[in-house]
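Residue numbers start from 1 in every chain, and the chains themselves are labelled A, B, ... in the order their sequence lines are given, proteins ahead of strands.
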Amino acid sequence: MRGEGVIRLKRTHNCGDITREDIGKEVILNGWVNDMRKLGNLIFVTLRDRSGFIQIVFDPRVSIQAHNIAKDVRKEYVLAIKGKVKERPEGTINPAYKTGELEVAAIDIEVLNTSKTPPIYVNRDNRTDEDLRLRYRYLDLRRRSMQKNLIQRHKIVQSARAYLNENSFIEVETPILTRSTPEGARDFLVPWRGKPGYCFALPQSPQLFKQLLMIGGLERYYQFARCFRDEDLRADRQLEFTQIDIEMSFVEVEDILSITEGMVKRVFKDVLNKEIDIPLNRLQYSEAMDRYGSDKPDRRYGHELIDLTDVFCNTTFKIFRNTIGSNGVIKALKVENDLAFSRSAIDDLEDAVKEVGAKGLIWMKFENNGVRSPIARFLSAAEIESMKERCSSSNGDILFIVAGDRSIVNTALGMIRGTLISKLPDPEETFDILWVLNFPFVEWDKEENRYKAEHHPFTMPNLEEFKRYKDTDPLKIGSLTYDLVINGVEMGSGSIRINTPQLQREVFELLSIKEREAEKRFGFLLEALEYGAPPHGGVAIGIDRLVMLMTGNRSIRNVTAFPKTKSGFDPLTNAPSKVSEKQLKELHIRIIE
RNA sequence: GGACCCGUGGUGGAGAUGGUUACCAUGCCGGCCUGUCACGCCGGAGGUCGCGAGUUCGAUCCUCGUCGGGUCCGCCA
């Protein structure tokens with residue numbers, strides 16, 4: 001009998017938890033048929049539940065009835081088995097399973113449910129089309145690796161939560177239905193029946209609410225906050241994702257860094273039993289750019305950028321001379337051998353480099369009988385020699401050289417470094433964790449023709465620099481910001497926030513957010529800042545990415561129970577879907593084709 | 001919005017520079033089998049080669065388009 005809400009044989013044990021201690025005991029197990037082997041009169045079933053596997057033997061000498069039912073069992077059937085735990089006979093131990101020395105001799109069996117033949121392999125970890133996996137996600141989730149991913153995720157979240165609780169943080173929920181804040185990413189809008197023409201927005205982050213909680217005197221807040229951004233998806237980006245959102249009052253940068261470091265250390269210890277040395281390494285933003293050409297450097301691979309500017313201080317080569325003359329730099333990236341870079345690959349790199357503003361890409365290859373490069377004949381032997389020495393190059397090495405404005409050179413070589421790294425083998429089980437500090441306060445937005453907040457508009461600038469450069473050269477202003485970077489992935493970021501209305505207004509002004517506009521959008525914040533807003537700051541850590549790295553996955557889709565495809569579609573539920581005329585009418589919405 | 005890769009029985013792959021019955025593995029169904037565990041052996045079923053158009057005597061293969069999936073750039077305060 002099945003489907004009656006009654007389990008005749010209710011589980012007493014979990015499959016994976018059966019040990020030698022249980023030998024001789026009668027147990028009842030509930031689970032799925034992972035696979036089975038039917039040898040005439042003897043039937044073996046590997047039963048699976050969340051805890052693991054154990055082998056069930058159906059022997060007609062033990063129970064003819066159970067054996068008869070087992071004959072018709074198929075993969076993914078849901079079974080309840082009563083049987084006696086016993087040691088496997090000599091020579092039949094399977095070391096691949098934790099319970100490989102044991103088996104359960106079935107006395108009784110209840111088929112709790114049958115199953116169609118699954119369209120994807122549940123009992124194997126082979127590559128399957130991801131679209132199909134998502135369409136049958138509930139089957140995909142039965143796979144060992146997916147269960148592990150979600151269990152690890154759970155452990156990470158619980159570990160972080162315990163740490164924060166122990167450090168006097170209060171968990172507070174903030175609204176999912178909130179107001180649109182046009183700065184930043186594209187908003188998801190939610191129309192509401194109650195107010196035609198008006199929309200809620202889903203939060204890109206609880207930014208303003210967490211600041212209001214500080215003004216509200218909560219002092220230490222955290223939340224596992226779902227965030228929504230209507231932007232294109234990537235391997236490490238979904239439309240919705242989860243952050244460990246943290247905010248603290250009466251703190252400086254150091255306080256946030258050390259609380260976060262403590263959390264990272266705790267989580268790695270609890271979940272992976274790995275010791276993380278704290279305090280973590282720190283790089284100034286400018287140093288990260290200079291040495292790695294990236295604000296989220298992956299330092300596991302070395303390959304730092306090499307400054308060659310002074311090598312060419314007296315050069316006759318026009319391009320380099322002009323670069324130096326206009327305060328530019330000449331820098332190189334060394335690649336130990338050029339096997340990964342064909343001529344056409346170099347051409348592709350050059351195209352990419354030009355897109356970020358570089359004038360060109362020079363390559364130089366050291367060979368047994370000298371040097372090969374399009375610019376070799378313009379350089380003196382001494383220059384080539386000191387380049388080679390500066391880069392500690394040996395024969396076979398290739399140098400990629402870019403000359404020009406410092407930030408363009410850094411970005412260009414950083415891109416090449418990224419391409420190089422992607423070709424190198426992944427050092428597994430290694431974690432390069434660091435802080436990148438002091439990002440620029442603003443960047444220039446070419447499209448909108450204005451300065452834009454590099455972090456967000458509530459970030460505390462370096463006050464001295466703010467005063468000095470806000471009217472002359474705002475790009476020189478630094479900010480009290482920090483990014484947590486793990487293995488070249490931006491794992492989290494935060495800042496000290498502005499806590500006075502005067503400064504907040506000045507910053508809006510710099511960002512060309514008009515007084516009236518500011519009042520309209522952020523008036524409630526400006527007002528709140530009038531009432532004794534404490535100094536405060538915080539950080540947000542991307543849970544999905546953290547779990548991805550800690551479980552050795554390349555995509556956050558593997559650590560998200562129900563993710564969407566790259567085009568924002570859910571093949572399981574077929575969301576998003578069309579809605580009825582009636583629903584639209586109620587919302588006063590008409591679709592224009 | 002752009003570049004690139006992929007789409008072949010349920011699943012994962014192979015395929016020919018356009019021509020017989022589209023190949024392999026696995027899965028599925030049936031039979032045999034009392035120590036299997038990727039069980040084994042025997043037999044069988046299963047395909048609009050993503051979709052559309054074009055070129056051609058003939059297209060799974062070439063061309064164009066389109067849809068779907070993926071990686072990256074733009075975008076992601």
Distance in angstrom units between A/Asn34 CG and B/U36 P, rounded:
19 Å
Suppose you measure atom P in B/U8 against the same atom in B/C51; what distance do you get, rounded to whole Å?
10 Å
Here the distance between atom P of B/C76 and atom CG of A/Leu202, to the nearest Å, is 18 Å
Taken to the nearest whole Å, CG/A/Asp445 to C1'/B/C75 is 12 Å
Please write out the pairs of protein N or O atoms and N or O atoms of nucleotides 70-73 of chain B separated by less than 3.5 Å, giving the distance to one decimal.
{"from": "B/G70", "atom 1": "OP1", "to": "A/Lys566", "atom 2": "N", "distance (Å)": "3.0"}
{"from": "B/G70", "atom 1": "OP2", "to": "A/Lys566", "atom 2": "N", "distance (Å)": "2.8"}
{"from": "B/G70", "atom 1": "O3'", "to": "A/Arg557", "atom 2": "NH2", "distance (Å)": "3.1"}
{"from": "B/U71", "atom 1": "OP1", "to": "A/Arg557", "atom 2": "NH2", "distance (Å)": "2.8"}
{"from": "B/C72", "atom 1": "N4", "to": "A/Lys566", "atom 2": "NZ", "distance (Å)": "3.0"}
{"from": "B/C73", "atom 1": "OP2", "to": "A/Arg234", "atom 2": "NH1", "distance (Å)": "3.2"}
{"from": "B/C73", "atom 1": "N4", "to": "A/Arg234", "atom 2": "NH2", "distance (Å)": "2.8"}

When rounded to the nearest 0.5 angstrom, what distance separates CD1 in A/Ile543 from CD in A/Gln243?
9.5 Å
For atom C1', what is the distance between B/C39 and B/A14, given to the nearest Å?
27 Å
From the list B/C76, B/C37, B/G10, which nucleotide is the closest neighbour of the side chain of A/Tyr97?
B/C37
Applying the Watson-Crick and G-U wobble criteria at under 3.5 Å, what pairs with B/G19? Answer none if nothing qualifies.
B/C57
Using whole Å, report how far CD of A/Glu76 lies from P of B/C28.
11 Å
Heavy atoms only, 4.0 Å cut-off, all strands: where does A/Lys86 land among base, sugar-phosphate and nothing?
base
The side chain of A/Thr128 lies closest to which of these nucleotides: B/G12, B/G35, B/C75?
B/G12
Determine, using ring centers only, whether A/Phe441 and A/Tyr469 are less than 6.0 Å apart.
no
What distance, rounded to whole Å, do you find between the two C1' atoms, one in B/C42 and one in B/C61?
36 Å
Axial cation check for A/Phe228 ring with A/Arg186, 6.0 Å and 45° limits:
no
Gap in Å between the two P atoms, one belonging to B/A16 and one to B/G43, rounded:
29 Å
Taken to the nearest 0.5 Å, the spacing of A/Glu87 CD from A/Ile23 CD1 works out to 4.5 Å
How is A/Glu90 classified with respect to the nucleic acid when contacts are heavy atoms under 4.0 Å: base, sugar-phosphate, or nothing?
nothing
What's A/Arg127 touching, base or sugar-phosphate or nothing? Going by heavy atoms closer than 4.0 Å.
sugar-phosphate
So, A/Phe58 versus A/Phe44, ring centres under 6.0 angstrom or not?
no
Provide, to the nearest angstrom, the distance between the NZ atom belonging to A/Lys446 and the P atom belonging to B/G74.
11 Å
Spacing of A/Thr411 atom OG1 and A/Ile416 atom CD1 [to the nearest 0.5 Å]
11.5 Å
Under 4.0 angstrom, heavy atoms only, what part of the nucleic acid is A/Asn41 near: base, sugar-phosphate, or nothing?
base
Write down the distance separating the C1' atoms in B/U66 and B/G7, rounded off to the nearest Å.
13 Å
Whether A/Tyr136 side chain and A/Pro118 backbone form a donor-acceptor pair below 3.5 Å:
no
Are the side chain of A/Arg557 and the backbone N or O of A/Lys564 linked by a donor-acceptor pair below 3.5 Å?
no
Output the distance between atom CZ (A/Arg179) and atom SG (A/Cys199), rounded to the nearest 0.5 Å.
12.0 Å
Polar atoms only, N or O, under 3.5 Å: list the protein pairs with nucleotides 39-47 of chain B and their distances.
{"from": "B/C39", "atom 1": "N4", "to": "A/Lys38", "atom 2": "O", "distance (Å)": "3.1"}

Any strand counts, and the cut-off is 3.5 Å on both contacts for Watson-Crick or G-U wobble. Which nucleotide pairs with B/C4?
B/G70
Pairing nucleotide - B/G43, Watson-Crick or G-U, each distance under 3.5 Å
B/C29
Given B/G27, B/U36, B/G10, identify the nucleotide with an atom nearest to the side chain of A/Pro119.
B/G10
Which part of the nucleic acid does A/Ile43 contact within heavy-atom distance under 4.0 Å: base, sugar-phosphate only, or nothing?
nothing
If I pick the C1' atom on B/C32 and the same atom on B/U17, what distance separates them, to the nearest angstrom?
48 Å
Searching all strands shown, indicate the nucleotide that pairs with B/C37 (Watson-Crick or G-U wobble; both distances under 3.5 Å).
none
For atom CD of A/Glu350 and atom C1' of B/A3, their distance in whole Å
17 Å
My understanding is that a pair needs two contacts under 3.5 Å, Watson-Crick or G-U wobble. By that rule, which nucleotide pairs with B/A14?
none
Gap between atoms CG and C1', on A/Leu132 and B/G27 respectively (whole Å)
14 Å
What nucleic acid atoms does A/Gln207 come within less than 4.0 Å of, heavy atoms only: base, sugar-phosphate, or nothing?
base
What distance separates A/Phe53 CZ from A/Cys15 SG, expressed to the nearest 0.5 Å?
9.5 Å
Between A/Lys296 and A/Thr46, who's closer to the 5' end of RNA chain B by nearest nucleotide?
A/Thr46
Is any N or O donor-acceptor pair between the side chain of A/Arg229 and the base of B/C75 shorter than 3.5 Å?
no
For A/Tyr77, does the six-membered ring have the charged nitrogen or CZ of A/Arg74 within the cation-pi criterion, i.e. under 6.0 angstrom from the centroid and within 45° of the normal?
no
Provide the distance between the two C1' atoms, one in B/C4 and one in B/G40, to the nearest whole Å.
46 Å
Please answer whether the main-chain N or O of A/Asn41 pairs with a side-chain N or O of A/His67 as donor and acceptor at a distance below 3.5 Å.
yes
Report all interatomic pairs (protein N or O, nucleotide N or O of nucleotides 23-26 of chain B) with separations under 3.5 Å.
{"from": "B/U26", "atom 1": "O3'", "to": "A/Arg124", "atom 2": "NH2", "distance (Å)": "3.3"}
{"from": "B/U26", "atom 1": "O2'", "to": "A/Tyr121", "atom 2": "OH", "distance (Å)": "2.8"}
{"from": "B/U26", "atom 1": "O2'", "to": "A/Arg124", "atom 2": "NH1", "distance (Å)": "3.1"}
{"from": "B/U26", "atom 1": "O2'", "to": "A/Arg124", "atom 2": "NH2", "distance (Å)": "2.9"}
{"from": "B/U26", "atom 1": "O2", "to": "A/Tyr121", "atom 2": "OH", "distance (Å)": "3.2"}

Rounded distance in Å - CD (A/Glu454) to P (B/C76):
11 Å
Using the P atom on both, measure B/G47 against B/U56 and round to a whole Å.
32 Å
Measuring to OP1 and OP2 of B/C29, would you say a side-chain N or O of A/Arg74 lies under 4.0 angstrom away?
yes
Examine distances only and state if a side-chain atom of A/Ser479 and a backbone atom of A/Phe439 form a donor-acceptor pair shorter than 3.5 Å.
yes
Judged by atom type as modelled, is there a donor-acceptor pair below 3.5 Å linking the side chain of A/Arg450 to the main-chain atoms of A/Trp444?
no
If the threshold is 4.0 Å, N to carboxylate O, is there a salt bridge linking A/Glu247 and A/Arg497?
yes
